[in-house]
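Throughout, a chain's letter reflects where its sequence line sits, starting with A, and its residues are numbered from 1.
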Amino acid sequence: MSNKKWSIPIQHSWNLSPKEAIALQHELQALVKVEALTQKVRYIAGADISFNKGDDTVYAGIVVLELPDLKEVARATLITKANFPYVPGLLSFRESPPLLEVWKKLPLKPDVLMLDGHGLAHNRRFGLACHFGLLTDCPTIGCAKKLFVGKHDVLGDTKGSIAYLHDKGEEIGAVLRTRDRVHPVYISVGYRVTLKNALDLALQCAPKYRIPIPTRQAHIVVNELRRANG
DNA sequence: GCGACAG
DNA sequence: ATCTTGTCGC
């Protein structure tokens with residue numbers, strides 16, 4: 001096979017000051033690829049992290065589900081320490097290191113990974129989903145519970161309603177209603193997917209709950225891990 | 001200058 | 001993110 005159309009996962013130092021992290025985001029942003037998925041998605045994963053109150057202990061987990069049933073087929077978890085504080089706009093520098101370790105332990109790599117946070121719907125167009133996609137070279141989707149940046153028109157109140165997110169003249173993502181009259185979720189491209197791919201998959205993964213199953217299941221798993229330990 | 005600010 | 005019980009609504 002010549003002409004590989006994929007790239008080598010990005011690697012860089014994590015021992016950075018907030019200022020250096022921002023400079024790195026600008027550098028890596030240029031490497032984010034937005035392209036349509038070519039294969040039908042069979043395995044979709046969700047990643048999440050949980051913390052203790054006055055502690056930097058991190059409980060991380062990734063679960064892999066098989067479409068269209070959304071049944072769990074693999075999982076990996078890890079308990080470690082956070083080495084970067086939570087700074088709005090720099091979430092990936094806090095969450096990526098633990099998630100990368102879990103990713104390595106995951107026995108089955110998914111076709112797409114959904115992250116609990118934004119992708120391009122970020123002030124520097126480089127949210128957690130973009131960063132983690134570059135780090136793993138896995139297609140990723142940003143699925144956040146709250147708006148970070150951007151504006152959108154009024155959203156219809158029925159399931160499936162979509163309103164696009166715009167910021168400084170750019171379309172950066174969308175607001176998606178996953179349940180009738182329930183607060184929506186914020187979907188954006190992370191890496192190697194289109195916004196349409198992301199929205200279609202998010203809806204496919206939300207047959208019943210507001211939070212798409214991949215992210216929801218990952219959240220449940222890490223919380224159980226924290227309860228059993230912490 | 002002031003307020004806002006993913007998880 | 002975390003700290004937390006009951007409660008309103010489909």
Side-chain angles (χ1 to χ4, degrees), chain A residues 14 18-19 21-22 25 28-29 32 46-62 77-100 102 113-133 135 140-152 157-159 165-168 172-191 195 198 202 206-212 214-230:
Chain A
W14 292 101
K19 192 173 182 178
I22 289 174
Q25 288 185 317
L28 300 182
Q29 203 306 305
V32 175
D48 193 29
I49 279 183
S50 182
F51 298 90
N52 280 325
K53 185 179 176 74
D55 191 2
D56 58 353
T57 298
V58 176
Y59 301 85
I62 297 180
T77 60
L78 175 78
I79 299 179
T80 181
K81 296 287 182 180
N83 297 306
F84 199 91
Y86 168 65
V87 179
L90 298 179
L91 178 66
S92 67
F93 290 88
R94 178 174 174 73
E95 303 206 342
S96 293
L99 289 180
L100 269 179
V102 180
L113 173 65
M114 188 177 283
L115 284 298
D116 191 6
H118 294 98
L120 291 177
H122 175 275
N123 51 354
R124 284 176 289 278
R125 308 292 180 266
F126 198 68
L128 172 64
C130 299
H131 201 158
F132 202 72
L135 294 168
T140 61
I141 295 170
C143 178
K145 298 180 290 298
K146 295 177 185 174
L147 178 63
F148 186 34
V149 295
K151 297 174 185 171
H152 63 85
D157 61 6
T158 57
K159 176 176 181 174
L165 259 179
H166 295 276
D167 183 47
K168 298 175 180 174
I172 60 175
V175 187
L176 173 67
R177 187 88 67 187
T178 51
R179 287 193 64 176
D180 288 354
R181 319 202 53 169
V182 168
H183 190 76
V185 291
Y186 301 82
I187 305 296
S188 61
V189 167
Y191 187 67
L195 181 54
K208 179 177 180 183
Y209 306 102
R210 174 174 91 104
I211 305 300
T215 293
R216 183 175 187 279
Q217 185 59 27
H219 191 269
I220 291 173
V221 168
V222 297
N223 275 323
E224 290 177 341
L225 181 67
R226 185 162 68 86
R227 272 184 42 202
N229 300 276

[X] [atom1] - [N] [atom2] separation (whole Å):
X	N	atom1	atom2	result
A/His122	B/dC5	NE2	P	15 Å
A/Leu165	B/dA6	CG	C1'	12 Å
A/Glu95	B/dA6	CD	P	12 Å
A/Arg94	C/dT2	CZ	C1'	11 Å
A/Arg124	B/dC5	CZ	C1'	11 Å
A/Ile211	B/dG7	CD1	P	9 Å
A/Phe148	C/dA1	CZ	P	15 Å
A/His118	B/dA6	NE2	C1'	6 Å

* Asked: Distance-only, no hydrogens or angles: does the A/Arg210 side chain make a donor-acceptor pair with backbone N or O of A/Pro184 under 3.5 Å?
  ->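 Yes; judged by distance alone, with no hydrogens or angles, the pair exists.
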Measuring to OP1 and OP2 of [N], would you say a side-chain N or O of [X] lies under 4.0 angstrom away?
X	N	value
A/Arg226	C/dT2	yes
A/Asn223	C/dA1	no
A/Lys145	B/dG7	yes

Taking any heavy-atom pair under 4.0 Å as a contact, classify [X]: base, sugar-phosphate, or nothing.
X	result
A/Leu90	base
A/Leu128	base
A/Gly89	base
A/Phe51	sugar-phosphate

* Could you label the plane-to-plane angle of the A/Trp14 and A/Phe93 rings as parallel, tilted or perpendicular, counting under 30° as parallel and over 60° as perpendicular? =>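 Perpendicular, since the angle between the ring planes exceeds 60°.
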* Give me the ring orientation class for A/His118 and A/Phe148: parallel if the planes are under 30° apart, tilted from 30 to 60°, perpendicular past 60°. =>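 Answer is parallel, since the angle falls under 30°.
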* Asked: Are the ring of A/Tyr86 and the base ring of B/dG7 both nearer than 5.5 Å at their centres and tilted by less than 30°?
  ->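 So A/Tyr86 counts as stacking on the base.
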* Asked: Going from CG on A/Leu120 to CD on A/Gln29, what distance comes out if it is rounded to the nearest 0.5 angstrom?
  ->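 Here the interatomic distance stands at 6.5 Å.
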* Which value, rounded to the nearest 0.5 Å, describes the distance between A/Leu115 atom CG and A/Thr215 atom OG1? ->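 Taking CG in A/Leu115 and OG1 in A/Thr215, the distance rounds to 7.5 Å.
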* Residue A/Lys53, side-chain heavy atoms: nucleotide from B/dC5, B/dG7, C/dC3 that is nearest ->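 Side chain of A/Lys53 sits closest to C/dC3.
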